[in-house]
Amino acid sequence: MFKKPVLLVIAHGSRDPRHAATVHALVRRVRSLRPGVRVETGFLDFNIPSVRGVLESLAAEGVRDVVALPLLLTRAFHAKADIPAVLRDAPPQLRIRQAEVLGPAPLLLSALERRLYEAGLTPADKSSTGVVLASAGSTDPEAIAVIAEIAREWRHTGWCAVRPAFASASLPRTEDAVRELRALGCERVAVAPYVLAPGFLPDRIARGAAEADVLADVLGPAPEVARVLLERYDAARTPQLSAVSA
């Protein structure tokens, strides 16, 4: 019997089947790390089950407490508008807490480095390698500022240089950041997609990385990402701990 609040992971959704497959792989990892928590997945668009459908099913089962976790790296439009709107329309018997988005978090930097090392780099390459931190992009100034700050922070861990780039809505593009790092004299250039799952914009990042030496994979079901999900879940459910068996 699940006594803790249900964790509802809310993903954007995509026509690209790789997106949902990656989301489900990440959720499976979360379940394996915390078998005492019931974890469900809902999509805002394109895929099923929908967030609304999952919430209605949970209410019909008699579930009362839910932590809704946006599967997002920055607090932009979906976290500020779309998801709260869906949650407001949830069945009234549900007590729902919206968790914070995943980023920024030190563990996500660890996940980015994991992907770069899996793509062929080693820790010894850091001082001679420039990295493009390539995100999907946003029209939200707060989200753009967060990406820029992550790049500055990551630079201080030993990389030759780190530059932010965006696949849409903002500049520079990935290819421009790659060229900038070349001009700075970095011995090699790597592109680290700061995205969770494959899809249209990650494919655009990959095309922009054509002149780079290394292209890392998306974050996907990296263990560090799963741990961040559980950190956000725990933080959101803290006020309920006195009423919920730990």
Validation row: [X], [Y] side chains within 4.5 angstrom (heavy atoms):
X: T41; Y: V23; answer: yes
X: R227; Y: V30; answer: no
X: R18; Y: D203; answer: yes
X: R38; Y: K4; answer: no
X: V225; Y: L26; answer: yes
X: V195; Y: L201; answer: no
X: L87; Y: L55; answer: yes
X: L196; Y: L102; answer: yes

Exercise. For E113 and W159, run side chain to side chain donor-acceptor pair (under 3.5 Å): C-alpha distance rounded to whole Å, both residues' side-chain angles, the deciding distance at 0.1 Å, then the answer.
Key: CA-CA 11 Å; E113 295 205 354; W159 296 100; 3.2 Å; yes
Starting from [Y], can I reach [X] by hopping between I/L/V/M/F/W/Y residues whose side chains sit under 4.5 Å apart?
X: L58; Y: I83; result: yes
X: F46; Y: V51; result: no
X: V37; Y: L229; result: yes
X: L69; Y: L33; result: yes
X: L219; Y: V191; result: no

Kindly give the heavy-atom pair with the smallest separation between [X] and [Y], and that separation in Å.
X: V67; Y: A99; result: CG1-CB, 4.0 Å
X: A81; Y: P84; result: O-CD, 3.4 Å
X: R115; Y: A222; result: NH2-N, 3.4 Å
X: S14; Y: N47; result: N-OD1, 2.8 Å
X: A169; Y: G137; result: CB-C, 4.4 Å
X: I10; Y: A68; result: CD1-CB, 3.9 Å

I'd like to know if the side chain of [X] and the backbone of [Y] have a donor-acceptor N/O pair within less than 3.5 Å.
X: D125; Y: T122; value: yes
X: K126; Y: C160; value: no
X: R29; Y: P221; value: yes
X: E153; Y: P106; value: no
X: Y233; Y: L8; value: no
X: H19; Y: A197; value: no
X: D213; Y: A190; value: no
X: R97; Y: V66; value: no
X: R152; Y: I147; value: no
X: S168; Y: A136; value: yes

Does the distance from a Lys or Arg side-chain N to an Asp or Glu carboxylate O, for [X] and [Y], drop under 4.0 Å?
X: D176; Y: R179; value: yes
X: R207; Y: E175; value: no
X: R163; Y: E180; value: yes
X: R114; Y: D217; value: no

Gap separating the [atom1] atom of [X] from the [atom2] atom of [Y], nearest 0.5 angstrom:
X: I144; Y: F166; atom1: CD1; atom2: CZ; value: 4.0 Å
X: E231; Y: L107; atom1: CD; atom2: CG; value: 5.0 Å
X: L7; Y: D65; atom1: CG; atom2: CG; value: 13.0 Å
X: I150; Y: Y194; atom1: CD1; atom2: OH; value: 3.5 Å
X: E187; Y: L181; atom1: CD; atom2: CG; value: 13.5 Å
X: R75; Y: L72; atom1: CZ; atom2: CG; value: 10.5 Å

Step by step, work out the side chain to side chain contact (heavy atoms under 4.5 Å, CB included) result for L44 and V86. CA-CA 9 Å; L44 290 174; V86 172; 4.2 Å; yes
*For R173 and I205, run side chain to side chain contact (heavy atoms under 4.5 Å, CB included): C-alpha distance rounded to whole Å, both residues' side-chain angles, the deciding distance at 0.1 Å, then the answer.*
CA-CA 8 Å; R173 295 287 183 256; I205 290 172; over 6 Å; no
- Item | E224 vs L108, side chain to side chain contact (heavy atoms under 4.5 Å, CB included): CA-CA, chis, key distance, verdict | CA-CA 6 Å; E224 296 87 353; L108 294 179; 5.9 Å; no
What do you reckon, are the aromatic ring centroids of H12 and F200 less than 6.0 Å apart?
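They do not qualify: ring centres at least 6.0 Å apart.
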Between L112 and L133, does a side chain to side chain contact (heavy atoms under 4.5 Å, CB included) hold up when you go through it step by step? CA-CA 9 Å; L112 287 165; L133 179 68; 3.7 Å; yes
Side-chain donor-acceptor pair under 3.5 Å between S128 and R188, yes or no?
->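 A pair is found: one side chain offers a donor N or O, the other an acceptor, under 3.5 Å apart.
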Q. More than 12 non-hydrogen atoms from neighbouring residues, nucleotides or ligands closer than 6.0 Å to CZ on R15, yes or no?
A.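 Open.
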Crowded around L184 CG? As in, over 12 foreign heavy atoms under 6.0 Å?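 Atom CG in L184 is packed in, count exceeds 12.
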